[in-house]
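Just follow the structure's listing: the first ligand is 1, and inside any ligand the first atom is 1.
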Amino acid sequence: MESARISQWLNLLVCVLLLLKAEGSLVPLILVENAESKGAVCLDGSPPAYHFDKGFGEGINSWIVHIEGGGWCNNIESCLDRKDTRLGSSKQMEDIYFSGILSNEQQFNPDFYNWNRVKVRYCDGSSFTGDVEEVDPTTNLHFRGARIFSAVIEELLAKGLERAENAILSGCSAGGLTTILHCDSFKTFLPSRANVKCVPDAGYFVNVEDISGAHFIQQYYSEVVSTHGSAKNLPTSCTSKLSPTLCFFPQYVASHISTPIFVVNSAYDSWQIRYIFVPGSADPSDSWNSCKVNMSNCSPDQLSKLQGFKSEFERALSEVGDSPSKGMFIDSCYAHCQTEPQETWFKTDSPKLANTTIAKAVADWFYGRSSFRHVDCNYPCNPSCQNRVFDLKDLPGI
Ligand SMILES: *[C@@H]1O[C@H](CO)[C@@H](O)[C@H](O)[C@H]1NC(C)=O
Ligand SMILES: *[C@@H]1O[C@H](CO)[C@@H](O)[C@H](O)[C@H]1NC(C)=O
């Protein structure tokens with residue numbers, strides 16, 4: 001009787017331990033010190049934050065700084081909506097688990113597991129480009145994303161980033177865009193002998209007309225840039241020639257980036273399809289909804305429009321240039337952000353191009369073992385894809 005109870009408890013304990021092992025360990029939230037005195041604060045005025053898991057062994061002087069994503073806010077109303085959420089306030093943030101490119105286990109992250117790994121939380125709504133001095137007392141909104149970027153990097157320098165021999169700036173979605181927009185400026189913070197490279201994931205947002213012929217995303221980005229006062233913090237190599245709005249798009253910035261960069265993206269990025277190519281405003285009758293939630297539901301006509309999107313994506317991507325220092329892993333999976341989820345980063349059944357996982361392609365490129373530039377065949381040709389299926393309730397506007 002008693003021993004049966006003990007063995008039940010032991011079973012439970014084993015289950016809990018297995019669960020913990022599968023999840024990795026919680027990485028605590030760290031608030032940036034002195035950020036408030038620099039005015040480098042989240043939308044609500046709270047200090048920005050990040051998570052840091054220290055490197056070990058041979059990784060002790062190597063760093064991944066990974067930027068969280070989460071869309072943008074393009075006007076006072078939408079910024080007020082996010083101000084008291086985790087995307088606008090560190091008061092709402094919690095400890096998190098690291099996985100994929102941030103995992104500390106060799107079996108899940110063979111080339112970077114022992115690096116110093118940092119995840120920077122996103123709480124400004126402008127991909128870290130904003131900087132407006134004034135704060136309207138009626139809204140108490142702070143537009144200070146660019147100051148947050150500098151304050152976080154300065155704190156990390158003091159924690160050992162200043163001794164980095166290897167460093168990667170990466171990020172997902174709006175954090176992938178941050179990675180592109182700040183790639184060269186990140187390098188300037190680091191020792192000149194350091195091997196510094198950038199890996200934007202799902203951040204190559206393209207300037208396309210939506211299916212109704214409207215310039216939805218261009219209009220939206222122009223509102224982001226003007227709300228946050230972003231113009232002066234966008235790459236001057238671009239803003240000296242083009243409007244700040246255009247310089248918020250990777251395709252007008254990419255050819256000027258001198259730091260090596262590796263673009264991880266789907267050519268049918270599920271976020272871009274749902275919110276840029278077929279935003280709600282372009283499909284008032286909701287005739288795309290079943291296709292947007294599950295790509296295998298798309299009609300032949302919708303699929304041919306999506307092949308057109310892929311062509312436009314590839315044209316925009318060509319601006320990255322073809323030097324061996326520019327790598328790319330462009331699959332045809334209905335996905336968005338593939339470096340942090342373990343399933344897409346490095347597992348036996350992860351998506352592959354040229355029989356190579358994203359983890360191996362990025363690492364081979366980073367260490368100069370081989371270059372990697374592959375754009376997948378058209379959907380649904382790649383059997384290794386893990387195509388996302390969404391809920392209809394995930395379809396409201398951005
Ligand atoms: C996606 O759509 C296909 C085709 O209609 C269907 O067979 C599949 O079950 C759907 N997937 C999910 C998870 O609903
Ligand atoms: C693909 O890669 C795996 C693991 O590296 C290898 O065992 C396999 O032979 C490769 N397959 C092909 C077709 O090259």
So between Thr356, Thr357, Asn355, whose heavy atom ends up nearest atom 3 (C) of ligand 2?
->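 Comparing heavy atoms across Thr356, Thr357, Asn355, the nearest one to atom 3 (C) of ligand 2 lies in Asn355.
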
For [atom], state whether the nearest protein heavy atom is under 4.0 Å away.
atom                    : value
atom 5 (O) of ligand 2  : no
atom 14 (O) of ligand 2 : yes
atom 9 (O) of ligand 1  : no

Which of the atoms in ligand 1, numbered in the order shown and given with their element, are less than 4.0 Å from a heavy-atom of Asn294?
->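 Every atom of ligand 1 under 4.0 Å from some heavy atom of Asn294: 1 (C), 2 (O), 3 (C), 8 (C), 10 (C), 11 (N), 12 (C), 14 (O).
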
Ser127 side chain vs Ala174 backbone, donor-acceptor pair below 3.5 Å |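 It does hold such a pair.
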
Are the side chain of Ser99 and the backbone N or O of Glu340 linked by a donor-acceptor pair below 3.5 Å?
->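 Between the backbone of Glu340 and the side chain of Ser99 there is a qualifying donor-acceptor contact (under 3.5 Å).
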
[Y] versus [X], side-chain donor and acceptor atoms under 3.5 Å:
X      : Y      : value
Asn233 : Asp131 : no
Asn109 : Ser103 : no
Asp184 : Thr259 : yes

